[in-house]
2 protein chains.
Amino acid sequence: MVLSKILNHGVRGRKSDRMAVKENLRPGGRSARVQASVHKAARDLLGEMNRAEVTIPLIAGKAGVTPSTIYRRWGDLQELLADVAVERLRPDMQPIDAGSGKADLEAWAEQYAEEMSSGPGREMIRDVLAAQTGANACKCCEYTRQQIVVIADRAKARGATFPDVDLVMDQVVAPIMYRILFGDVPDAARVRDLVSRVMSMAG
Amino acid sequence: MVLSKILNHGVRGRKSDRMAVKENLRPGGRSARVQASVHKAARDLLGEMNRAEVTIPLIAGKAGVTPSTIYRRWGDLQELLADVAVERLRPDMQPIDAGSGKADLEAWAEQYAEEMSSGPGREMIRDVLAAQTGANACKCCEYTRQQIVVIADRAKARGATFPDVDLVMDQVVAPIMYRILFGDVPDAARVRDLVSRVMSMAG
DNA sequence: TTCGTAAAAGCAAATTATTTGCATTAATGG
DNA sequence: CCATTAATGCAAATAATTTGCTTTTACGAA
């Protein structure tokens with residue numbers, strides 16, 4: 001799957017006018033280079049220091065770009081970090097094949113819960129949700145849904161039944177995310193319960 | 001139920017040291033007055049202008065307080081807005097009695113979904129989740145859970161069965177919140193489905 | 001290819017927000 | 001009522017953000 005990593009963001013004058021995310025604005029050389037450089041600088045800084053200490057001038061300095069470029073393209077730190085986070089939240093592989101639909105879903109959900117409830121995971125989710133633009137959050141949700149679709153298709157290809165994808169989102173993904181966001185840590189046993197409950201509703 | 005509205009926040013020097021929310025720091029007259037005045041100013045400004053245009057100096061001006069007071073007590077705008085939001089998210093009444101556990105839950109869940117998916121609702125949730133302190137999010141979750149507990153207790157007092165509160169959180173509250181956060185709007189029909197599904201698991 | 005156009009980036013001055021040290025006020029506990 | 005100290009006020013110093021203007025450079029048409 002070819003994934004365009006280039007997202008350009010058109011930005012204008014006053015604060016209320018901003019954040020109109022227009023993609024493919026000028027994918028040519030320099031724009032893309034600046035985008036990549038800024039993203040990398042942001043990622044690196046997030047790894048080196050507290051999220052609260054990262055500022056736009058810092059990122060700009062590390063990226064070799066003037067701060068005003070970042071302000072004009074992304075608007076503010078929150079939008080930039082959301083943009084960086086959503087890219088990092090993109091799954092980098094297909095869900096592993098564990099032999100059956102239930103085993104696939106169980107393995108995927110356990111890994112998902114673990115990754116998302118980790119320190120960096122929580123921060124990325126927070127960054128995505130804190131942005132004014134709901135588009136990033138949507139994208140995240142889509143990534144997750146896509147993973148479930150792959151598992152569901154695989155199960156059906158095996159001739160097995162598998163619950164509707166929306167049902168899995170409601171009954172497995174949503175409870176895991178809710179607990180992570182609202183302060184709890186979903187343990188593996190609970191995740192397995194969620195999975196076996198939804199699997200018993202298949203077909 | 002007596003609810004202390006006074007939350008004091010102890011704050012110190014550098015950014016990474018901040019946001020240590022200590023309650024009951026000095027609930028005496030002036031502190032409480034400043035707290036109330038700042039909260040009211042923030043609420044009013046949020047009603048008058050875009051969230052992105054609200055700043056600490058603005059709030060301070062309207063509250064008749066110096067900005068540094070706000071910086072020292074809350075740390076930054078995000079924490080202050082989270083504090084304001086969590087107060088507004090506190091339920092102001094018991095869930096209405098609709099005659100049965102299922103009807104109670106249905107009525108409550110529909111209202112919850114509607115309020116939370118509204119513009120102001122979404123903003124409050126975002127503000128709460130965006131704060132570095134997970135404490136606010138916890139509190140919100142607790143408010144919701146408390147409402148479910150009331151409904152459950154009422155059902156049991158009627159001699160009826162009612163699903164476990166955690167199950168309701170997982171199967172009704174979490175899916176509603178997930179959809180709101182990740183870009184969807186949960187319609188009434190879907191909410192009713194969630195409720196009837198969980199009610200069929202009662203006992 | 002070259003050229004015209006306009007988007008994106010750089011730069012620097014102006015504005016605004018944030019931090020900080022110190023002085024003052026006023027809760028709290030004896 | 002007094003001593004103590006948290007909380008606030010004030011103002012100077014620092015840092016972030018905005019903005020007007022210039023320069024660079026992608027992109028498309030000739």
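Residue numbers begin at 1 in each chain, while the letters A, B, ... track the order of the sequences.
- Considering only residues two or more places apart in sequence or on other chains, B:Arg88 meets the side chain to side chain contact (heavy atoms under 4.5 Å, CB included) condition with B:Arg43, B:Val84, B:Met124.
- The side-chain hydrogen bond (donor to acceptor under 3.5 Å, both in side chains) check on A:Asp193 picks up nothing, with sequence neighbours excluded.
- Within the structure, salt bridge (charged side-chain N to carboxylate O under 4.0 Å, His left out) pairs that include any residue of residues 109-137 of chain A comprise A:Arg51-A:Asp127, A:Glu110-A:Arg192 (at least two apart or interchain).
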Between protein and nucleotides 10-13 of chain C, what N or O pairs are separated by less than 3.5 Å?
residue, atom, partner, partner atom, Å
C:dG10, OP2, A:Thr66, N, 3.3
C:dG10, OP2, A:Thr66, OG1, 3.3
C:dG10, OP2, A:Thr69, OG1, 2.7
C:dG10, O6, A:Arg72, NH2, 2.8
C:dC11, N4, A:Ser68, OG, 3.1
C:dC11, N4, A:Arg72, NH2, 3.4

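- Residue B:Ser31 places none of its side-chain N or O atoms closer than 4.0 Å to OP1 or OP2 of D:dA6.
- Whole-Å rounding puts the A:Glu53 CD to D:dA15 P distance at 14 Å.
- For C:dA9, the OP1/OP2 oxygens have a side-chain nitrogen or oxygen of A:Arg73 closer than 4.0 Å.
- Residue pairs meeting the salt bridge (charged side-chain N to carboxylate O under 4.0 Å, His left out) criterion with at least one partner in residues 167-185 of chain B, sequence neighbours excluded, are A:Asp166-B:Arg179, A:Asp170-B:Arg179, A:Arg179-B:Asp170, A:Arg190-B:Asp170, B:Arg179-B:Asp184.
- For the pair A:Ile59 CD1 and D:dA16 C1', the computed distance is 13 Å after rounding to whole Å.
- The two residues A:Met169 and A:Pro175 make their nearest non-hydrogen contact at O-CD, 4.5 Å.
- The CG atom of A:Asp76 sits 14 Å away from the P atom of D:dT19 (whole-angstrom rounding).
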Expected rows: protein N/O vs nucleotides 14-16 of chain C N/O, under 3.5 Å:
none

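- Rounded to whole Å, the distance from CD on B:Gln35 to P on D:dA6 is 19 Å.
- In this structure, the side chain to side chain contact (heavy atoms under 4.5 Å, CB included) partners of A:Ala107, at least two apart in sequence or on a different chain, are A:Ile96.
- For the pair B:Leu77 CG and D:dA16 C1', the computed distance is 15 Å after rounding to whole Å.
- Spacing between atom CD1 of B:Ile70 and atom P of C:dT19 amounts to 13 Å, rounded to whole angstrom units.
- Listed by chain and number, the residues in a side chain to side chain contact (heavy atoms under 4.5 Å, CB included) with A:Asp153 are A:Val149 (sequence neighbours excluded).
- The side chain to side chain contact (heavy atoms under 4.5 Å, CB included) test applied to A:Gln147 returns A:Pro91, A:Pro95, A:Trp108, not counting sequence neighbours.
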Salt bridge (Lys or Arg N to Asp or Glu O under 4.0 Å) between B:Asp44 and B:Lys62, intermediate numbers included: CA-CA 9 Å; B:Asp44 290 352; B:Lys62 187 150 198 165; 5.0 Å; no
